[in-house]
Structures are given as C-alpha cells and as structure tokens.
Undergrad: 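Before anything else, here's the structure in question.
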2 protein chains.
Amino acid sequence: MISREGGIACYQQLSGILHKQIEEGEFRPGKQLPTETELSRRYKLNRHTIRQAIGRLQSEGLVYTIKGKGTFVANSKISYKVSRKTRFTTSVLDVGLSPDARLLDSYEISAGSELSRKLNIKSSDKVVVLEILRFVNKIPFCHTTSFLSSDRFPDIQAHIKGSFSLYELLKKHYGIEAMRASSSFEVSLPESSDMDMLQISSKVPVLIVKSTSKNSKGDIVEYCITRFRGDLCSITVNFNGEGR
Amino acid sequence: MISREGGIACYQQLSGILHKQIEEGEFRPGKQLPTETELSRRYKLNRHTIRQAIGRLQSEGLVYTIKGKGTFVANSKISYKVSRKTRFTTSVLDVGLSPDARLLDSYEISAGSELSRKLNIKSSDKVVVLEILRFVNKIPFCHTTSFLSSDRFPDIQAHIKGSFSLYELLKKHYGIEAMRASSSFEVSLPESSDMDMLQISSKVPVLIVKSTSKNSKGDIVEYCITRFRGDLCSITVNFNGEGR
DNA sequence: TCCCTTAAGTTGTCTAAACATCTGGACATG
DNA sequence: CATGTCCAGATGTTTAGACAACTTAAGGGA
C-alpha cells in the first residue's frame with residue numbers, strides 16, 4: 001500500500017489515500033476514522049507518521065479530532081455569501097441554518113495611525129471597538145472585531161447590549177444604512193485566541209476578511225476584521241451591486 | 001524563557017516568541033533565522049519541537065524554508081485586487097510589480113454534471129480546459145484552471161497559444177467582454193500538484209477562488225478555479241461596480 | 001583555469017519511547 | 001439511585017536518534 005521508493009513521503013501517500021476514501025464516501029461525515037494505533041498497525045507506519053498525515057487532513061478541513069475520543073469526518077462547508085448589502089444573519093438564514101451572536105466585549109481606544117487611515121478620522125479621535133462571536137447551529141463560526149468612530153456613534157456601547165444585529169442598530173438609532181465597500185481576504189493559521197474562541201486546533205487555517213463599510217454618501221462608517229473557521233466555510237462574493 | 005508549567009505547549013510558546021521578534025523587526029525580511037540546531041541549543045528544546053514551532057510560522061506565511069539552506073523571513077503580502085473588471089495583469093501592474101503567465105496545458109473534455117451546471121450548458125457538451133500558471137516578479141503566484149464552452153469559443157485552443165491575457169483574447173476574437181459575476185473563497189492545504197507548481201511546502205495554505213464570468217447580456221462565459229499561494233497574497237474585493 | 005569530488009552544514013522524514021491529558025465506561029460506595 | 005473513583009483507550013506533547021536529500025564551499029586533479 002505504502003511505497004518506500006517512489007520518493008513521495010509516506011505521510012503524503014497516506015493522507016492521499018485517506019482523502020480519497022473520504023471523498024468516495026468510505027467514511028461518512030460524522031463517522032470516526034480508525035484510531036492512530038490502528039492505522040499504525042494497518043499501514044506499518046509509526047504513529048508519529050500517521051499523525052502527520054491526519055494533520056494535513058485537519059488543515060484541509062476534511063476531518064476534526066477530539067482529544068481522548070478520536071478523529072471524525074467533517075461535514076461539508078457552509079456556503080457563506082457576502083455582497084454590498086448581505087449580512088451575517090440573513091446570509092445564514094438563507095442557507096437554512098440558525099445564526100446566533102454573542103457580544104464578547106466593547107471598549108474605547110484612541111484611533112492611532114492605522115485606524116485613523118482606515119476610518120478617515122484624526123489619530124487622536126476615539127474609536128469604539130466591538131468584539132462579536134457568531135455561531136451557526138450553535139457552533140462557533142467567526143469572530144468579528146468592529147471599529148467605529150465614537151464621535152459619529154455616541155452611546156453605541158449602551159445600545160449594542162441586547163441588540164442582535166449591528167447593522168439594524170445603525171439603521172434604527174442613527175439612520176445610517178451601511179454598505180460593504182471593499183473586503184480583503186487572507187489566510188493564516190490560528191492564534192491562540194482564535195483556537196479558544198472558535199474551538200479549533202492549531203492545524204485548521206482561518207480565513208481573515210477585513211471589510212470597510214460606507215454610508216450612501218460614501219463616508220466610511222465601519223472597519224471590521226472577521227476571522228472565519230477555514231474548515232467550515234466557503235465565502236461567496238457577488239459582484240452585481242444588489243447582491244443575493 | 002520557555003515555561004514547562006503554564007499548560008501551554010512549548011512549541012506554541014516558541015512560535016509566539018519568534019512571531020513577536022519578526023514583527024518587531026529583530027529579523028528583517030529575507031534574513032535567515034537561526035538554524036534548527038541553534039534554536040534547539042538556545043531554548044533547550046528538541047529539534048522536533050523547534051520544527052513544530054517553525055511549521056506554524058510557515059503556515060502563517062511569516063517565514064519560508066529551503067531544504068539544505070535554512071529558514072528565512074518572508075516579505076509582506078502582495079495586495080491583489082479583484083472586482084468586476086480587473087484582471088491579473090492589470091492588478092499586478094497596479095502595485096508596481098511585473099506579471100507573467102505560462103500556459104501549462106489545454107485540452108477538451110465532456111462537461112459532465114457539475115460543469116454543465118456551472119456553465120449552463122448540456123452535460124454532453126464539450127468544454128475547453130486551460131491551465132495557466134501566473135507569476136509575480138518571476139515567483140509562482142497562482143494557478144488557474146479555466147473552463148469554457150467549446151461551442152461558444154471554437155478554435156480557442158489555437159488562439160490562446162502565444163496570447164498574454166485570456167480576457168483580451170475573448171474581446172478581440174469573439175467580441176465578448178467578460179465580467180466577474182461571483183467568486184467564492186476557500187482555504188485548504190496544498191495538494192501535491194500545488195506544491196510542485198507554486199513551489200511551496202505542505203505547510204503553506206492555499207487560497208482557492210472559484211469565479212464565474214458573464215458577458216454584458218448576462219450569459220455565463222467562463223468558470224475558473226484559481227489557487228493562490230496563501231503566504232504571498234491578500235486579495236481585496238471592491239464592491240463598487242466599476243472597481244479599481 | 002575548469003571541473004569533479006568531498007565534506008560539512010541544513011532541512012526533511014521516519015522510528016521508538018515515554019509521559020500528559022482527556023473520554024467513557026465499569027465499578028464500588030454512600 | 002446518585003456519586004465518586006479508577007482504569008483502559010484515545011489524542012497531545014516532547015525527547016532521542018538515525019538516515020536521506022539538498023546546498024555550499026573547499027580542495028584536488030586534469
């Protein structure tokens with residue numbers, strides 16, 4: 001089964017084999033893979049080598065492991081849509097899943113050079129920071145850090161408590177309809193805070209989306225950084241203005 | 001330096017330390033990190049543990065390693081822009097870098113169920129597949145697989161040879177102006193073909209963008225899958241129709 | 001001078017072994 | 001019946017050592 005001559009590393013061969021078996025439905029979503037010791041026996045490889053192979057499958061989002069229990073086949077990715085107008089709550093409801101959110105923290109800081117550029121304000125101006133953890137079907141899905149000018153949104157910290165959606169809040173209390181102006185996409189491995197909040201291992205990449213929103217006149221309303229679980233989502237962007 | 005009691009794994013502590021040192025400019029881009037054996041001595045950790053820490057930095061795109069030479073600090077990410085109208089060549093020129101492309105392969109297949117849905121054609125229809133490798137400053141940057149209906153673009157395989165940009169070709173030969181309609185973003189670890197073509201190790205994630213382009217009447221022109229080096233790029237999407 | 005060999009240094013892969021930490025069930029105790 | 005304890009089995013981390021593959025530079029022979 002595993003060739004030692006081909007010049008291809010054993011762990012790469014094994015992860016390829018398991019990848020194929022999962023793809024072909026040999027192991028169904030939710031089902032447990034053979035244990036590391038079992039795979040070690042079956043393929044005549046050291047457990048350490050087995051772990052390298054499984055580590056790759058984890059990073060690909062194909063499987064997840066629970067310490068003390070085992071390794072399981074993951075479900076397929078959630079297709080998450082973004083456009084100028086769509087937001088988290090509507091996007092998740094659209095695909096028939098149940099969204100939820102929790103405000104982790106809110107505080108005020110001085111803008112500094114980078115944020116002042118992003119928000120187009122003075123670097124001495126105050127900025128409200130909102131940290132929100134969002135769930136899909138009770139599973140942590142993404143973590144958003146929002147930055148808004150304190151001057152333009154006075155008392156927003158008081159209003160946000162108990163509110164579901166930040167965008168509804170902006171609309172109702174301040175009469176502003178925020179629309180996504182640009183988003184940048186990056187990839188990284190999780191920092192330890194990501195691992196805690198999103199409940200993932202160090203091998204699952206995170207998709208980092210940095211977005212700027214503007215109001216109808218073109219003024220910058222919000223800058224936010226969202227970190228998605230890479231194993232759970234595929235993000236779709238629609239380029240036709242109205243979006244869906 | 002490294003605590004054995006805190007409950008935080010040594011390799012995580014070390015990757016945190018190195019991450020900070022790089023961020024603070026202790027190691028400049030392009031400069032070599034201490035060798036694994038040197039770090040092993042310095043932090044009193046096994047070389048295997050050192051490698052786990054460096055593996056994380058690789059996945060974060062902070063460093064890259066060359067077998068037999070060493071580990072080096074990576075340059076900052078290229079900001080790659082996409083919108084309805086921007087394309088690879090213009091986007092790279094915009095940031096002052098030099099783009100290049102090479103046609104790896106072109107062939108014809110039957111659409112099948114998935115492609116027929118993506119291109120809105122019959123599943124028995126023929127589809128032209130173009131595989132293109134793109135470079136920035138001579139460095140492999142992304143790999144694109146394009147699918148186009150053979151019926152709508154006869155002889156495209158003959159025309160593509162020697163042509164720089166697929167989109168100019170569509171415009172000149174077929175009078176069609178292709179515009180990006182939607183793109184989806186996913187994360188994964190590289191397959192072995194990615195590792196070969198993009199010249200990356202197994203620890204560097206790839207950013208997978210699947211795009212559909214339409215003509216001015218709204219007919220689907222092209223479906224393509226592009227796999228970017230996650231350590232090299234951040235992709236920015238502009239939601240205002242005209243884009244830049 | 002030019003080319004080849006050699007050796008040292010570096011990263012890549014694999015094995016072996018030990019201990020830590022977590023899960024789940026069996027079992028004893030109240 | 002409820003609870004706590006213990007143990008087997010699973011994954012997580014770390015160490016030690018070996019060899020392979022690659023890079024670079026030094027040295028030797030034509």
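Computed from heavy atoms alone, side chains included, the values below leave out hydrogens, waters and symmetry copies. Every chain is numbered from 1, with letters handed out A, B, ... down the list of sequences.
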Undergrad: Taking side chain to side chain donor-acceptor pair (under 3.5 Å) as the criterion, tell me which of A:Arg229, A:Arg134, A:Glu131 meets it with A:His143.
TA: A:Glu131
Undergrad: Look at the rings of A:Phe141 and A:Phe228 and say which category their plane angle falls in: under 30° parallel, 30 to 60° tilted, over 60° perpendicular.
TA: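 The arrangement is perpendicular - the two ring planes meet at more than 60°.
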Undergrad: Nearest-Å distance, OH (B:Tyr43) to C1' (D:dT14)?
TA: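 Atom OH in B:Tyr43 sits about 18 Å away from atom C1' in D:dT14.
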Undergrad: Going 5' to 3' along nucleotides 10-16 of chain C, which nucleotides have protein heavy atoms under 4.0 Å from the base (write B), which only from the sugar-phosphate (write S), and which from neither (write -)?
TA: BBBBSBB
Undergrad: Does the distance from a Lys or Arg side-chain N to an Asp or Glu carboxylate O, for B:Glu114 and B:Arg117, drop under 4.0 Å?
TA: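 Salt bridge flag = no for B:Arg117 with B:Glu114.
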Undergrad: For residues A:Ser184 and B:Thr236, is any side-chain donor paired with an opposing acceptor at under 3.5 Å?
TA: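 No.
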Undergrad: Given axes from five pairs at either end, by how many degrees does the helix from C:dT1-D:dA30 to C:dG30-D:dC1 bend, rounded to 10°?
TA: 0°
Undergrad: Which whole-number value in Å describes the distance from B:Glu5 CD to D:dT14 P?
TA: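 B:Glu5 atom CD is separated from D:dT14 atom P by 12 Å.
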Undergrad: Between A:Tyr107 and A:Gln157, is any side-chain donor less than 3.5 angstrom from a side-chain acceptor?
TA: no
Undergrad: Strictly below 4.0 Å, N to O, side chains only: are B:Glu23 and B:Lys20 in salt-bridge contact?
TA: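 No, B:Glu23 and B:Lys20 are not salt-bridged.
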Undergrad: Measure the distance from CD1 on A:Ile50 to P on D:dG12 and round it to the nearest whole Å.
TA: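 Between P of D:dG12 and CD1 of A:Ile50: 14 Å.
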Undergrad: So, B:Lys210 and B:Glu186, do they make that salt bridge, N to O below 4.0 Å?
TA: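 Salt bridge between B:Lys210 and B:Glu186, a charged N being under 4.0 Å from a carboxylate O: yes.
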Undergrad: To the nearest angstrom, how far is B:Gln13 atom CD from D:dT13 atom C1'?
TA: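 Rounded to the whole Å, the gap is 12 Å.
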Undergrad: With under 30° as parallel and over 60° as perpendicular, where do the rings of A:His48 and B:His48 fit, or are they tilted in between?
TA: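 A:His48 vs B:His48 ring planes: tilted.
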